[in-house]
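Remarks on the structure that follows.
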Amino acid sequence: MKLVDIGANLTHASFHPDLAQVVARAREAGVARIVVTGTTVEDSQKALDLSTGSDFLFATAGVHPHHARDCGPQTIPALRSLAVHPRIVALGECGLDFNRNYSPHPDQERWFVAQLELGLSLNKPLFLHSRDAHPRFYEILKHHGVKQAVAHCFTGERDELRAYLELDLYVGITGWICDERRGRHLLDLVKEIPKERLVLETDAPYLTPRDLRPQPRARRNEPAFLPHIARTVARALGRPVEELAAETTRNAARLFGLHESGTASSAQRPLAA
């Protein structure tokens, strides 16, 4: 079984002491590729540094909506400089977060649009974040004609899912689906995601599967737990986990243009399942 974790925050401080071991455990668990998420310009540079020279790690470059208030004239040029590197496979994490509101809504929308336009101009996929921001998030995506993108860490309701599918977005499912308190609705909604649009992610170190036993120290999530998420999704779909793994791996390869050789290209030749 071969899986791709399309979103892991491996630059997080909790991974500093044992990152090599975290990566080794992921490999042993059957994770074939990890896309390291960038959330600020500085963090995106760190994500790129981690992936450079690796046949296993890739990265995104973007500014999370929490940090939109910190953006300025150099933000987009800096992201553009990062994004041309072949290990950067998507622009983001970018989007809107109207839940915590760490940045004012006008700032969030301004820099979300700026990153969308950059991604479209570079023909790069977009790694998208939305929390309590539907339908405004959808309206912006539709206005800009966004297609090649993933709705990262989907936890929403049916109307939001259908809006994303209308735009032909990929949909990222995390360990939220393993939470019987908050994620139970996803066990039904995941059945509505076309098999060619479903991708899997951990969002490590966040969103540790609640039903994982034993629970990891400090509840730190890591890519090695992706097979647990895959098995939960497979059970919900009533399908073999090996089949689901092959499909989601192909989807991730198509979305990000991953090569069997461990490189990325706009040619988007799929990784063998």
Side-chain angles (χ1 to χ4, degrees), residues 1-10 12 14-15 18-37 47 50-51 53-60 87 89-90 127 150 152-154 170-178 183 186-187 190 193 195-217 219-264 269-273:
M1 188 168 68
K2 184 183 295 183
L3 293 163
V4 176
D5 188 344
I6 69 146
N9 299 279
L10 295 187
H12 192 274
S14 66
F15 291 123
D18 63 342
L19 181 59
Q21 291 86 352
V22 167
V23 170
R25 285 193 291 271
R27 285 184 181 271
E28 292 169 4
V31 179
R33 301 281 189 271
I34 300 173
V35 179
V36 183
T37 309
L50 282 182
S51 67
S54 169
D55 65 348
F56 184 68
L57 303 177
F58 295 87
T60 72
R87 304 306 294 187
V89 296
F127 191 84
V150 57
H152 148 70
C153 188
F154 177 77
Y170 291 81
V171 179
I173 296 296
T174 66
W176 193 275
I177 199 171
C178 303
L186 293 180
L187 295 172
V190 73
I193 303 173
K195 64 181 181 179
E196 68 274 9
R197 290 291 156 179
L198 176 63
V199 287
L200 302 177
E201 54 182 318
T202 58
D203 200 31
Y206 312 112
L207 302 184
T208 305
R210 180 173 161 81
D211 60 355
L212 187 66
R213 296 293 183 271
Q215 281 285 298
R217 178 178 297 181
R219 289 186 51 81
R220 186 189 71 173
N221 198 9
E222 60 178 82
F225 304 150
L226 191 63
H228 180 87
I229 297 169
R231 287 189 287 270
T232 300
V233 174
R235 284 195 299 271
L237 296 175
R239 299 176 57 200
V241 67
E242 294 82 6
E243 186 178 287
L244 175 74
E247 289 174 355
T248 57
T249 293
R250 282 194 296 267
N251 294 343
R254 188 185 315 116
L255 170 62
F256 295 125
L258 306 184
H259 277 191
E260 294 177 13
S261 61
T263 61
R269 179 166 61 88
L271 180 71

Minimal heavy-atom distance between A204 and P223, with the atoms involved, is CB-CD, 4.1 Å
Q.
Taking A59's backbone N and O only, do any of them form a donor-acceptor pair with R87's side chain (distance below 3.5 Å, no angle check)?
A. no
Between L200 and A230, the two heavy atoms sitting closest are CD1-CB, 3.7 Å
d(H152 NE2, D203 CG) to nearest 0.5 Å is 4.0 Å
Taking side chain as C-beta onward, heavy atoms only, is V150 less than 4.5 Å from F127? yes
With Y170 as partner, the option from V199, L198, I193, T248 fulfilling side-chain contact (heavy atoms from CB on, under 4.5 Å) is V199
Between P216 and F225 the two heavy atoms that sit nearest each other are CG-CE1, 3.8 Å
Separation between NE2 (H12) and CZ (R220), nearest 0.5 Å, reads 10.0 Å
Separation between CD (E243) and CE (M1), nearest 0.5 Å, reads 13.0 Å
Going by heavy atoms in the side chains, are L187 and T232 under 4.5 Å from each other? yes
- Query: Taking NZ, NE, NH1 and NH2 as the nitrogens, is one of them in R27 or D55 under 4.0 Å from a carboxylate oxygen of the other?
  - Reply: yes
- Can you tell if the side chain of N9 reaches within under 4.5 Å of the side chain of P205, non-hydrogen atoms only? yes
Value for CG (L10) from CD (E222), rounded to nearest 0.5 Å, stands at 9.5 Å
Interatomic distance, CD1@I177 vs CZ@R210, rounded to 0.5 Å, equals 15.5 Å
Taking every heavy atom of Q215 against every heavy atom of P209, the minimum-distance pair comes out as NE2-O, 3.0 Å
Here the pair of heavy atoms bringing T60 nearest to A47 is O-CB, 4.3 Å
Discussion item. Determine whether a donor-acceptor pair (N or O, by modelled atom type, separation under 3.5 Å) exists between the side chain of T208 and the backbone of N221.
Written reply: yes
What one should report as the nearest heavy-atom pair of A236 and V190 is CB-CG1, 3.9 Å
- Side-chain contact, heavy-atom cut-off 4.5 Å: V35 with E201? no
### Message
Between R197 and N251, is there a side-chain heavy-atom distance shorter than 4.5 Å?
### Response
no
Discussion item. Between T174 and C153, is there a side-chain heavy-atom distance shorter than 4.5 Å?
Written reply: yes
| field | D5 side chain to T202 side chain, donor-acceptor N/O pair below 3.5 angstrom | value | yes
Which of L258, V89, T249, I6 passes side-chain contact (heavy atoms from CB on, under 4.5 Å) with R33? It is L258
In this structure, OG of S14 is separated from CZ of R219 (nearest 0.5 Å) by 13.5 Å
